[in-house]
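As structure tokens, the structure follows; a few thoughts come after it.
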Amino acid sequence: MALRPYTRRRVLAVGLAGCLLAVAVDQAAPGATAPVRRVAAEVFSPVQSALSGGDDANSPARQRDSALRDAGDSRANAATLSALRTLLGSAPADGRRFVAARVIGYTTGTTAGTVQQVTIDAGSADGIRTNLTVIATDGLVGRTVAVSTHSATVQLLTDPDSAVGVRVGAPGMLASVSAKVPAGLPTRDPARLTLRIAGTTQAKVGDRATTLGSIDQTPYVSGVPVGTVVSVDPDRGQGAPTAVLRPAVDVSRLDLVGVVLPGDRQTRPTVQGTR
């Protein structure tokens with residue numbers, strides 16, 4: 001089925017790949033360059049018409065322009081579908097309902113090369129609200145912090161004001177992840193985060209951190225990859241064992257993301273003792 005250009009649609013993704021991809025083919029968002037092509041066509045078509053000798057829809061110039069537009073739309077739609085299929089098949093999206101959206105803007109931090117927030121092209125009209133988990137193919141991106149009708153702002157893990165509860169390593173140690181560097185420790189690469197262990201056991205290089213989760217799954221659902229420990233900090237009086245974490249997602253290259261829609265809260269099982 002051909003994708004309809006210039007139509008704003010959102011994909012409500014679920015864990016059934018076959019059904020989802022069928023919906024995606026019909027409802028994937030158009031490429032970011034579609035509005036540019038449309039405006040260009042409106043501005044230059046009168047000139048092209050005059051040069052070609054009239055408004056004949058079957059003129060070579062019109063046919064050429066139509067073919068170029070169709071080819072551009074096809075490439076953009078194919079890229080969107082490819083990215084969506086990849087996201088649908090990823091571990092962070094497994095079994096989750098989400099709204100797919102593209103990054104259309106960003107806010108940089110005070111440190112060169114850092115990004116603190118991004119803007120996505122989906123909002124309340126698509127079922128998005130604040131404090132929802134945002135994922136990419138490789139893991140956690142952040143959470144929604146502001147929402148309008150057709151767009152939303154996402155606070156990234158690299159924002160100094162962001163903090164995420166995680167479990168780390170095979171024992172599932174409780175910890176938190178943030179972009180802030182504890183006092184007394186050397187400055188980190190802007191693309192690295194700080195892991196702070198809740199107990200006294202230090203993390204090990206190679207340990208992976210996943211989201212701890214939140215009540216009612218907001219702002220963070222559980223089990224989403226956050227990052228991997230790449231080095232362990234020395235004890236310099238920071239108050240708790242810390243380590244350097246490489247984020248699972250490179251936020252400087254974000255494109256298609258998913259805003260997770262929390263499901264119904266599960267009822268805890270009742271445990272009945274035996275006599």
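Scope of the values below: all heavy atoms of this structure, side chains included, with no hydrogens, waters or symmetry mates. Numbers here are sequence positions counted from 1.
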Exercise. Hey, which of Leu157, Val177, Val168 is the one that makes side-chain contact (heavy atoms from CB on, under 4.5 Å) with Leu245?
Worked result: Val177
Exercise. Just checking, is any N or O donor in the side chain of Arg143 or Ser162 under 3.5 Å from an acceptor N or O on the other one?
Worked result: no
Problem set entry | Val249 side chain near Leu140 side chain, heavy-atom distance below 4.5 Å | no
For this session: Could you give me the CA-CA distance, side-chain angles and deciding distance for Lys180 and Leu193, then say whether side chain to side chain contact (heavy atoms under 4.5 Å, CB included) is met?
Result: CA-CA 7 Å; Lys180 293 181 179 179; Leu193 303 173; over 6 Å; no
Exercise. Are Leu254 and Val147 connected, step by step, through hydrophobic side chains (Ile, Leu, Val, Met, Phe, Trp, Tyr) whose heavy atoms are closer than 4.5 Å?
Worked result: yes
Exercise. Can you tell which of Val224, Thr211, Val257, Val259 makes a side-chain contact (heavy atoms from CB on, under 4.5 Å) with Ile135?
Worked result: Val224
Exercise. With a 4.5 Å heavy-atom cut-off, do Pro219 and Gln155 have their side chains touching?
Worked result: no
For this session: Check Leu256 against Ala100 and note the closest heavy-atom contact, atom names and distance.
Result: CD1-CB, 4.3 Å
Problem set entry | Heavy-atom neighbours of Arg192 CZ exceed 12 at 6.0 Å | yes
Exercise. Looking at side-chain heavy atoms only, is the closest gap between Thr130 and Val145 below 4.5 Å?
Worked result: no
Problem set entry | Inter-residue atom distance Arg129.CZ - Ser124.OG, 0.5 Å rounding | 12.5 Å
Seminar exercise, completed: Heavy-atom nearest pair, Pro92 first then Pro225, reads CG-CD, 4.1 Å
For this session: Assess whether side chain to side chain contact (heavy atoms under 4.5 Å, CB included) is satisfied between Val229 and Val244, documenting all intermediate values.
Result: CA-CA 6 Å; Val229 175; Val244 180; over 6 Å; no
Problem set entry | Name of the residue among Thr210, Leu212, Leu195 meeting side-chain contact (heavy atoms from CB on, under 4.5 Å) with Val166 | Leu195
Problem set entry | Heavy-atom check, side chain of Asp121 versus side chain of His150, under 4.5 Å | no
Seminar exercise, completed: Taken in chain and number order and not counting sequence neighbours, the residues that satisfy salt bridge (Lys or Arg N to Asp or Glu O under 4.0 Å) with Asp161 are none
Problem set entry | Considering all heavy atoms, the nearest Ala122-Val99 contact | CB-CG1, 4.3 Å
Problem set entry | Euclidean distance, Thr242 OG1 relative to Asp235 CG, rounded to 0.5 Å | 8.5 Å
Seminar exercise, completed: Result for side-chain contact (heavy atoms from CB on, under 4.5 Å) between Val154 and one of Thr133, Val103, Val134 points to Val134
Problem set entry | Stepwise side chain to side chain contact (heavy atoms under 4.5 Å, CB included) check, Val260 with Arg97 | CA-CA 6 Å; Val260 179; Arg97 298 169 56 246; over 6 Å; no
Exercise. Got Leu132 and Tyr220 here, is their nearest side-chain heavy-atom distance under 4.5 Å?
Worked result: no
Exercise. Under 3.5 Å, is there a donor-acceptor pair between the side chain of Ser214 and the main chain of Gln217?
Worked result: no
Exercise. Do Thr187 and Val181 touch side chain to side chain, with heavy atoms closer than 4.5 Å?
Worked result: no
Exercise. Given side chains that start at C-beta, do those of Thr194 and Pro182 come closer than 4.5 Å, heavy atoms only?
Worked result: yes
Problem set entry | Backbone of Ala79 reached by a side-chain donor or acceptor of Ser82 within 3.5 Å | no
Problem set entry | Tyr106 reachable from Val251 in the ILVMFWY side-chain graph, under 4.5 Å edges | yes
For this session: Please name the pair of heavy atoms, one in Gln116 and one in Pro160, separated by the smallest distance, quoted to 0.1 Å.
Result: NE2-CD, 3.4 Å
For this session: Just jot down the salt bridge (Lys or Arg N to Asp or Glu O under 4.0 Å) partners of Asp138, sequence neighbours excluded, or say none.
Result: none
For this session: List the steps, then state whether side chain to side chain contact (heavy atoms under 4.5 Å, CB included) holds for Gln117 with Asp159.
Result: CA-CA 7 Å; Gln117 296 181 339; Asp159 188 327; 4.1 Å; yes
Problem set entry | Interatomic spacing from NZ in Lys204 to OG1 in Thr201 - rounded to 0.5 Å | 9.0 Å
Problem set entry | Closest heavy-atom pair and its distance - Thr228, Arg208 | OG1-NH1, 3.4 Å
Exercise. Taking atom types as modelled and ignoring hydrogens, do the side chains of Ser252 and Asp250 form a donor-acceptor contact shorter than 3.5 angstrom?
Worked result: yes
Exercise. In Å and rounded to the nearest 0.5 Å, what is the CG to CG distance from Asp255 to Leu87?
Worked result: 11.0 Å
For this session: Starting at CZ of Arg167, measure out to CG of Asp207 and round the result to the nearest 0.5 Å.
Result: 14.0 Å
Seminar exercise, completed: Heavy-atom nearest pair, Ile197 first then Ala240, reads O-CB, 3.5 Å
Problem set entry | Atom pair OG (Ser151) and CD1 (Ile104), whose distance is rounded to the nearest 0.5 Å | 6.0 Å
Problem set entry | Residue list, salt bridge (Lys or Arg N to Asp or Glu O under 4.0 Å) with Arg188, at least two apart or on another chain | Asp233
